[in-house]
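Only one structure is covered here, and it is reproduced in the block below.
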Amino acid sequence: MKRIKAIYPGSFDPPTNGHLDLIERGSKIFDELVVAILRNPEKDPLFSVADRRKMLETMTAGFDNVLVDTFDGLTVDYALRVEAQAILRGIRAISDYEYELQMALMNRKLQPSLETVFMMPAEKYSYLSSRLVREVAQLGGSIECLVPEIVGEKLREKIDVAHKFETGQKLVRKTSESKKFRKKKL
Ligand code: PNS
């Protein structure tokens with residue numbers, strides 16, 4: 001019997017419970033699923049590719065037929081390289097549809113043998129995106145129930161480091177300002 005392998009490409013910056021939901025659904029219908037993180041030098045991501053890979057590997061450790069990998073260049077070229085027949089993408093709402101349709105049709109034009117398969121995550125994740133998770137976390141909001149535990153931990157670490165850096169910078173500014181003030185007084 002023919003085995004069907006699919007890739008699930010994306011930025012995953014960071015991975016969310018919505019991604020995990022889709023991975024779980026994909027792992028049930030495909031024989032093999034490769035979660036493929038795009039190495040995009042043009043974007044300025046919050047997490048390094050290595051961090052994202054670690055998080056996704058931890059999140060998917062329980063799925064025997066799911067692998068995590070990274071790629072650059074065209075998604076269709078990567079899919080061919082790993083001998084996948086399908087590209088899995090999630091659609092949360094109508095707003096995703098236009099972009100996803102455009103991408104699926106371009107990928108079909110580039111490589112007609114590949115099929116894009118769309119799946120819907122659970123409704124409770126229909127508003128969830130990596131961008132919003134980053135924003136809420138950076139502004140001190142709760143991201144509980146939005147991301148897996150490992151991602152929550154990594155986000156908190158990142159934000160603590162950024163906070164310490166900011167506090168350090170303020171301290172440096174304050175110290176040099178008060179030095180200037182003291183000099184003036186003298
Ligand atoms: O999670 P994202 O950011 O929505 O994922 C977008 C991704 C990585 C699937 C898309 O940008 C992509 O496929 N990039 C690789 C370059 C490519 O193949 N471009 C043509 C797509 S039609």
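Heavy-atom basis, side chains included; hydrogens, waters and symmetry copies ignored. The residues of the chain are indexed from 1 along the displayed sequence. Start at 1 and go down the list; that is how both ligands and their atoms are numbered.
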**OP:** For atom NZ of Lys5, decide whether the heavy atoms of other residues, nucleotides or ligands shown that lie under 6.0 angstrom number more than 12.
**Re:** yes
Subject >> Atom pair CD1/CG of Ile7 and Leu114 - distance to nearest 0.5 Å >> reply: 7.5 Å
**OP:** For atom 4 (O) of ligand 1, find the nearest protein heavy atom and state the residue, atom name and distance (0.1 Å precision).
**Re:** Arg89 NH2, 3.0 Å
Original post:
Would one find more than 12 heavy atoms of other residues, nucleotides or ligands at under 6.0 Å from atom CD1 of Ile94?
Top reply: no
Original post:
Of all the non-hydrogen atoms in the protein, which one sits nearest to atom 6 (C) of ligand 1, and at what distance?
Top reply: Tyr99 OH, 3.8 Å
Subject >> Point-to-point distance, once rounded to the nearest 0.5 Å, from OG1 of Thr16 to CG of Leu146 >> reply: 8.5 Å
Subject >> Option set Ile7, Asp13, Leu74, criterion heavy-atom distance to atom 19 (N) of ligand 1, minimum >> reply: Leu74
Original post:
SG/Cys145 to NZ/Lys124 distance, rounded to the nearest 0.5 angstrom?
Top reply: 8.5 Å
Original post:
So with a 6.0 Å cut-off around CE of Met103, is the heavy-atom count from everything else above 12?
Top reply: yes
Original post:
atom 1 (O) of ligand 1: which protein heavy atom is closest, and how many Å away?
Top reply: Ser11 N, 3.0 Å
Subject >> For Gly73, the ligand 1 atoms whose distance to one of its heavy atoms is below 4.0 Å >> reply: 15 (C), 16 (C)
Subject >> Test item, Gln102 contacting ligand 1 (heavy atom, 4.0 angstrom) >> reply: no
**OP:** From atom 10 (C) of ligand 1, work out which of Gln111, Arg131, Arg108, Met103 has a heavy atom at the shortest distance.
**Re:** Met103
**OP:** Check ligand 1 against Met106 and write out every atom of the ligand that is under 4.0 Å from a heavy-atom position of the residue.
**Re:** 22 (S)
**OP:** Kindly compute the distance separating CG (Leu139) from CD1 (Ile159), expressed to the nearest 0.5 Å.
**Re:** 9.0 Å
Subject >> For Thr75, atoms of ligand 1 separated by under 4.0 Å from a heavy atom >> reply: 12 (C), 13 (O), 14 (N), 15 (C), 17 (C), 18 (O)
**OP:** If you have a sec, work out which protein heavy atom is nearest atom 8 (C) of ligand 1 and how many Å separate them, to one decimal?
**Re:** Leu38 CD2, 3.8 Å
Subject >> Arg25 and Asp21: CA distance, side-chain angles, deciding distance, salt bridge (Lys or Arg N to Asp or Glu O under 4.0 Å) verdict >> reply: CA-CA 6 Å; Arg25 288 172 200 278; Asp21 180 279; 2.6 Å; yes
Original post:
Can you find an N/O atom of Asn107 closer than 3.5 Å to an N/O atom of ligand 1?
Top reply: no
